[in-house]
Amino acid sequence: MSNSWGRAGILFIAILLLIVSTGCQEKEKVVGGEGKYETLTLKYEGSVGTVTYPELAQDLGYLDPIKLEWIGNTTSGPASIQNAATGETHFGGAFNGAIAKLIASGAPIKSVIGYYGSDEYTFHGFYILEGSPIKNARDLIGKKVGMNTMGAHHEFVLKEYLRQNGLTDDEIKQVTLVVVPPVNTEQALRQKQIDVAVLGGMLRDRALEKGGISKLFSDYDLFGSFTGGSLVFTEKFIKENPNTVSKFVEATAKAIEWAQTTPKEEVIARFESIIEKRGREEDTETIQYWKSSGIAQKGGFIQESEFQVWVDWLEKSGEFKEGQVKLDDLYTNEFNPFKEELEKK
């Protein structure tokens with residue numbers, strides 16, 4: 001009986017040690033060795049018919065061993081960063097002005113890398129039908145402007161255009177903003193449900209190809225080349241997962257730089273392949289119109305001016321008190337692999 005218990009006890013201890021050892025190995029897989037990354041799966045929202053730069057980074061192998069977990073498609077930038085702030089996703093992306101507003105409201109998020117912007121090839125334009133009576137900013141009083149969401153890039157740009165052209169705050173309020181899904185904006189303009197349509201990138205080029213519309217102005221006309229939006233994590237996630245965030249930013253920056261330096265036809269082919277492989281029942285028609293990243297700096301490096309301009313704008317409009325938001329609270333380039341190179345310039 002004693003010998004039987006001894007053998008059973010030894011077997012029990014051996015099994016227990018094996019379980020503990022296995023548990024330690026599993027833990028080490030996450031926090032040690034290749035597993036210096038605290039989190040190996042990042043939940044995110046995608047975008048219909050397009051490829052995000054984190055998705056490109058994963059396809060290029062830059063993100064390994066971290067994997068992305070798609071939970072659906074985003075409806076707008078403000079919704080995307082709100083979902084990141086509340087933990088629905090690990091990261092989200094939006095217009096820098098919308099990020100500043102959410103942080104000012106108390107949301108503990110921080111921008112870590114730029115992910116979209118405007119240049120001479122890729123921009124957001126405000127389009128009218130040919131023959132429209134609208135010729136200038138003042139003609140927009142009493143008219144409807146269709147855009148993807150309120151409180152984001154398009155609204156800020158429109159109001160800046162109106163202010164630069166002398167409209168008062170009361171007159172600006174008489175310009176009606178209408179939320180229209182991007183894929184339906186062109187149709188809404190042609191059917192005269194709206195007077196002005198905000199069109200960008202591939203949707204814009206496809207609409208122009210059909211003819212019958214012309215540009216009133218664009219964000220590029222107002223600001224030149226600039227990065228307009230950033231990807232964010234919560235400050236808590238950054239603090240608890242610095243290696244994961246660093247790897248994510250490094251991979252995404254490298255993917256952006258790849259798109260910035262690779263021939264357009266090769267980028268489009270890669271995007272098309274990614275869309276087909278992920279099996280979300282999307283077509284690849286609009287991706288054929290891709291021209292450039294629009295991102296102003298190498299690898300999505302964030303310039304101070306890309307937040308400062310919107311903080312100043314929000315202070316002038318009375319939405320922020322002077323000094324309410326500090327730029328250091330809004331973004332960091334700490335994890336960008338091109339930081340040292342670009343800061344020397």
Looking at [X], I'd like to know if its [atom1] atom is crowded, meaning that more than 12 non-hydrogen atoms belonging to other residues, nucleotides or ligands lie closer than 6.0 Å.
| X | atom1 | result |
| --- | --- | --- |
| Asn136 | CG | yes |
| Lys321 | NZ | no |
| Lys143 | NZ | yes |
| Lys239 | NZ | no |

Are [X] and [Y] an aromatic pair by the rule of ring centers under 6.0 Å?
| X | Y | result |
| --- | --- | --- |
| Phe217 | Tyr161 | yes |
| His153 | Tyr116 | yes |
| Phe233 | Phe248 | yes |

Strictly below 4.0 Å, N to O, side chains only: are [X] and [Y] in salt-bridge contact?
| X | Y | answer |
| --- | --- | --- |
| Lys192 | Asp195 | no |
| Glu155 | Lys159 | yes |
| Glu55 | Arg278 | yes |

Polar side chain donor-acceptor pair, [X] to [Y], under 3.5 angstrom:
| X | Y | value |
| --- | --- | --- |
| Thr122 | Ser292 | yes |
| Thr244 | Glu38 | yes |
| Ser230 | Asn96 | yes |
| Glu209 | Tyr289 | yes |
| Asp221 | Ser218 | yes |

Return the [atom1] to [atom2] distance between [X] and [Y], rounded to the nearest 0.5 Å.
| X | Y | atom1 | atom2 | result |
| --- | --- | --- | --- | --- |
| Ile274 | Leu60 | CD1 | CG | 6.5 Å |
| Ser76 | Gln82 | OG | CD | 10.0 Å |
| Leu56 | Gln58 | CG | CD | 10.5 Å |

Which residues satisfy the side-chain contact (heavy atoms from CB on, under 4.5 Å) test with Lys277, sequence neighbours excluded?
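Residues passing side-chain contact (heavy atoms from CB on, under 4.5 Å) with Lys277: Asp59, Ser273.
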Return the set of residues passing salt bridge (Lys or Arg N to Asp or Glu O under 4.0 Å) with [X] (not counting sequence neighbours), or none when no residue passes.
| X | result |
| --- | --- |
| Lys254 | none |
| Glu334 | none |
| Glu240 | Lys236 |

Contact check, side chains of Val232 and Ile103, non-hydrogen atoms, under 4.5 Å:
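No. Closest side-chain heavy atoms not under 4.5 Å.
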Which is it for Thr227 and Gln303 under the side chain to side chain contact (heavy atoms under 4.5 Å, CB included) test, yes or no, and what are the steps along the way?
CA-CA 8 Å; Thr227 298; Gln303 298 181 97; 5.7 Å; no
Is a side-chain donor or acceptor of Asn241 paired with a backbone partner of Phe237 at a separation under 3.5 angstrom?
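Such a contact is found between Asn241 side chain and Phe237 backbone.
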Is there a donor-acceptor contact under 3.5 Å from the side chain of Lys110 to the main chain of Asp328?
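The answer is yes, because a donor-acceptor pair under 3.5 Å joins these two groups.
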Using 30° and 60° as the class boundaries, would you call the ring planes of Trp310 and Phe95 parallel, tilted or perpendicular?
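Ring orientation, 0 to 90° scale: perpendicular.
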Throw together a table of side-chain donor-acceptor distances under 3.5 angstrom for residues 196-204, partners on residues two or more places apart or in other chains.
residue : atom : partner : partner atom : Å
Arg204  : NH1  : Phe123  : O            : 2.8
Arg204  : NH2  : Tyr121  : O            : 2.9

Under the rule for side-chain hydrogen bond (donor to acceptor under 3.5 Å, both in side chains), what residues qualify as partners of Gln164, not counting sequence neighbours?
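Counting only residues at least two positions away or on another chain, Gln164 forms a side-chain hydrogen bond (donor to acceptor under 3.5 Å, both in side chains) with Glu160.
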